[in-house]
2 protein chains.
Amino acid sequence: MPIELTASQALGLWHGVSLDQVRHDDRDLTLRQMAILLHIYLVPPPHTVRGLAAELNVTKPVITRALDTMGEMGLVDRVRDASDRRNVLIKRTVGGALYLEKLGDRVREQGRKL
Amino acid sequence: MPIELTASQALGLWHGVSLDQVRHDDRDLTLRQMAILLHIYLVPPPHTVRGLAAELNVTKPVITRALDTMGEMGLVDRVRDASDRRNVLIKRTVGGALYLEKLGDRVREQGRKL
DNA sequence: TGCATTCGTTACGCCTGCGTTCCATTTTCC
DNA sequence: GGAAAATGGAACGCAGGCGTAACGAATGCA
């Protein structure tokens with residue numbers, strides 16, 4: 001179900017959410033970290049470091065470090081793949097789900113304000 | 001004219017735009033820089049360093065540095081206020097307008113894909 | 001005229017993310 | 001078994017943003 005936005009609405013929405021996020025500054029994620037987090041939660045598993053790097057068009061260490069940071073924040077979790085122990089599977093957490101739930105609310109709220 | 005989004009649509013939209021932005025990585029702005037840029041272009045002038053700092057709930061040097069960076073990118077411009085020479089007025093540029101136009105297109109495109 | 005106030009900027013030390021390169025572990029293939 | 005490939009991570013130096021604390025310039029006010 002497509003959403004049709006005017007140019008003004010599109011930028012207004014992005015503005016409102018960014019502003020809200022900056023003002024309340026809970027934990028600010030890099031745009032890259034945000035993209036990684038959303039990818040993990042919105043795209044069906046499994047997710048590996050290599051796969052994410054390819055998907056986002058960034059280098060592997062970028063993913064590793066993002067997982068370090070977001071792991072400490074409790075937003076994601078890492079588990080060794082039992083069937084191929086070279087792989088690391090990225091898993092979702094309750095904290096991450098809550099974080100994205102709040103983000104979604106922010107987007108919806110700003111959408112309503114347009 | 002409010003836009004009603006489901007939770008899934010809201011996150012999907014944010015995901016798509018973030019992903020697109022990361023992948024094409026022209027120039028990546030901090031969330032703060034993004035919020036400042038959008039504020040300058042969407043809220044009626046005049047804009048001062050002090051005003052933006054208060055509006056975004058950040059310190060003054062944050063604004064100064066963001067203007068330095070985005071100024072070098074050609075996204076904003078600074079002009080001394082003639083009537084009160086302590087003030088600096090932040091001006092829009094063609095480059096900034098083009099940048100935000102692209103961002104708006106990205107948001108609209110992702111909205112259509114929902 | 002003096003002096004306090006306001007405004008934007010700069011200086012400092014710190015922290016974090018970045019790309020490149022290299023490495024240990026594990027798997028695959030012969 | 002042993003060589004080669006694949007995977008995630010660590011080490012290195014670099015660049016840039018951060019908060020705090022100062023500063024010079026401009027203004028207002030007694």
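Lettering of chains follows the sequences in order, A, B, ..., and the numbering in each one begins at 1.
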Here the distance between atom P of dG16(D) and atom CG of L67(B), to the nearest Å, is 17 Å
Could you tell me whether the side chain of R80(A) and the main chain of R86(A) form a donor-acceptor pair under 3.5 Å? yes
When rounded to the nearest 0.5 Å, the distance separating NE2 of H15(A) from CD1 of I36(B) is 10.5 Å
Is there a donor and acceptor pair, one atom on the side chain of R86(A) and one on the base of dT25(C), closer than 3.5 Å? no
Test your reading of the model: is there a side-chain donor-acceptor pair from E72(B) to the backbone of T69(B), 3.5 Å cut-off?
no
For H47(B) and H39(B): C-alpha separation, side-chain torsions, deciding distance, then whether side chain to side chain donor-acceptor pair (under 3.5 Å) applies. CA-CA 9 Å; H47(B) 298 292; H39(B) 210 78; 5.4 Å; no
Here the distance between atom C1' of dT7(D) and atom CZ of R78(A), to the nearest Å, is 13 Å
In whole angstroms, the gap separating C1' of dG8(C) from NZ of K60(B) amounts to 6 Å
Looking only at atom types and distance, does a side-chain atom of R92(B) sit under 3.5 Å from a main-chain N or O of I40(B), one as donor and one as acceptor? yes
Within residues 37-56 of chain A, those residues having any heavy atom closer than 4.0 Å to DNA chain D are T48(A), V49(A), R50(A)
Q.
Counting neighbours of CZ on R78(A) that are heavy atoms of other residues, nucleotides or ligands and sit closer than 6.0 Å, is the number greater than 12?
A. yes
Here the distance between atom P of dA5(D) and atom CG of N87(A), to the nearest Å, is 19 Å
Whole-Å distance, I63(B) CD1 to dT6(C) P, equals 19 Å
Whether each nucleotide of nucleotides 10-21 of chain C has a protein heavy atom under 4.0 Å at its base (B), only at its sugar-phosphate (S) or at neither (-) is summarised, 5' to 3', as BB-----SBBB-
Taking T93(B) for its side chain and G74(B) for its backbone only, find out whether a donor-acceptor pair lies under 3.5 Å. yes
When rounded to whole Å, the CZ to C1' distance for the pair R85(B) and dG28(D) reads 17 Å
With distance as the sole test, does R23(B) use its side chain to make a donor-acceptor pair with the main-chain N or O of E55(A) at under 3.5 Å? yes
To the nearest angstrom, the CG-C1' distance between D84(B) and dT5(C) comes to 12 Å
Discussion item. Is there a side-chain contact between W14(B) and V17(A) in this structure, where contact means two heavy atoms from C-beta onward sitting under 4.5 Å apart?
Written reply: yes
